[in-house]
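What follows is a single structure, written as structure tokens, with notes after it.
When reading the values below, keep in mind they use all heavy atoms of this one structure, side chains included, and skip hydrogens, waters and symmetry mates. Numbering of ligands and ligand atoms starts at 1, following listing order.
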Amino acid sequence: MLKTKIAVMVSGGGTNLQALIDAQEKGLLKSGEIVLVVSGNETAHALERAKKHGIPSVVVSKKICGSQTEFETKIQSALKEHGIQLIILAGFMSILSPDFVSKWPKRIINIHPSLIPSFCGKGFYGLRVHETALRYGVKVTGATVHFVNEIPDGGEIILQKSVPVYKNDTPEKLQRRVMERAEWMILPRAAELISRKIMKEGADYGL
Ligand code: GAR
């Protein structure tokens, strides 16, 4: 059976991309293959990671594109060119329009650094999520992998994992713990689950 073709979309350090690459190399991600990395930012360290592992990448910068439509058209054509079946948002910091998202029902998944429905939605990304969680005084936080729909962080939840919050945490310390103990574990697991499902559907429909 043919593996599900995956595009990973990134904007920054790419530690979640690295977790996916490691899972693929260890055989934990076996039903899907990362065939493209799309970066919203030309200076993203994630691009170095892709290069090191021989994965083709493309930079589509919102700043350079004149409009959201142009930005998304460029992304869509790169996805089409590589025959992508599953999109994984791994720290991709640009918003995708409802029009884009509606073209990929249950084919886009996202990793979010909190236990949805806490600390999610518009404006909640990266360190801000952990700053807010600490300000609120929660004792437990975590990460969520969910399907992407037209509501920011509102799609069906696939996997979640909790992580304790400690007394002397800073946003940076908490971010690192959430990554190490939750994100880098559940994202590859979800990638395998959904890739396997798509691979089987493809087989069922004789694609
Ligand atoms: C990760 O913590 C990811 O959960 C978060 O950005 C970071 C990217 O790190 N994503 C969001 O906040 C999306 N709302 P990485 O580039 O090292 O994977």
If you count the atoms of ligand 1 from 1 in the order shown, which ones are under 4.0 Å from a heavy atom of Asn16? 1 (C), 18 (O)
Relative to atom 13 (C) of ligand 1, which among Leu17, Val10, Ile111, Val178 owns the nearest non-hydrogen atom? Ile111
Check whether any side-chain N or O of Arg107 sits under 3.5 Å from a backbone N or O of Gln85 as a donor-acceptor pair, and report yes or no. yes
Identity and distance of the protein heavy atom lying nearest atom 8 (C) of ligand 1: Gly91 CA, 3.7 Å
Distance-only donor-acceptor check, side chains Ser97 and Gln68, under 3.5 Å: no
Which residue and heavy atom of the protein sit nearest atom 11 (C) of ligand 1, plus the separation: Pro113 CD, 3.6 Å
Under 3.5 Å, is there a donor-acceptor pair between the side chain of Arg49 and the main chain of Gly14? yes
Contact between Met93 and ligand 1, counting heavy atoms under 4.0 Å? yes
Can you confirm whether the side chains of Gln24 and Lys30 place a donor and an acceptor under 3.5 Å from each other? no
Which residue and atom name correspond to the protein heavy atom nearest atom 16 (O) of ligand 1, and how close is it? Gly14 N, 2.8 Å
Within the distance-only criterion (no hydrogens, no angle test), does the side chain of Ser114 pair as donor or acceptor with the backbone N or O of Ala143 below 3.5 angstrom? no
Proximity flag Phe124 to ligand 1, non-hydrogen atoms under 4.0 Å: yes
Do me a favour and list the nearest non-hydrogen protein atom to atom 12 (O) of ligand 1 with residue, atom name and distance? Gly126 N, 2.8 Å
Within the structure, does Thr15 bring an N/O atom to less than 3.5 angstrom of an N/O atom in ligand 1? yes
To which protein heavy atom is atom 9 (O) of ligand 1 closest, and what is the distance rounded to 0.1 Å? Met179 CE, 3.4 Å
Using distance alone, with no hydrogens and no angle criterion, decide if Gln76 and Glu72 have a side-chain donor and acceptor under 3.5 Å apart. no
Side chains of Thr43 and Asn41: donor-acceptor distance under 3.5 Å anywhere? yes
Main-chain N/O of Phe119 paired with His112 side-chain donor or acceptor, under 3.5 Å: yes
Could you check which of Glu183, His130, His112 puts a non-hydrogen atom nearest to atom 14 (N) of ligand 1? His112
Would you check whether Ala46 reaches within less than 4.0 Å of ligand 1, judged by its heavy atoms? no
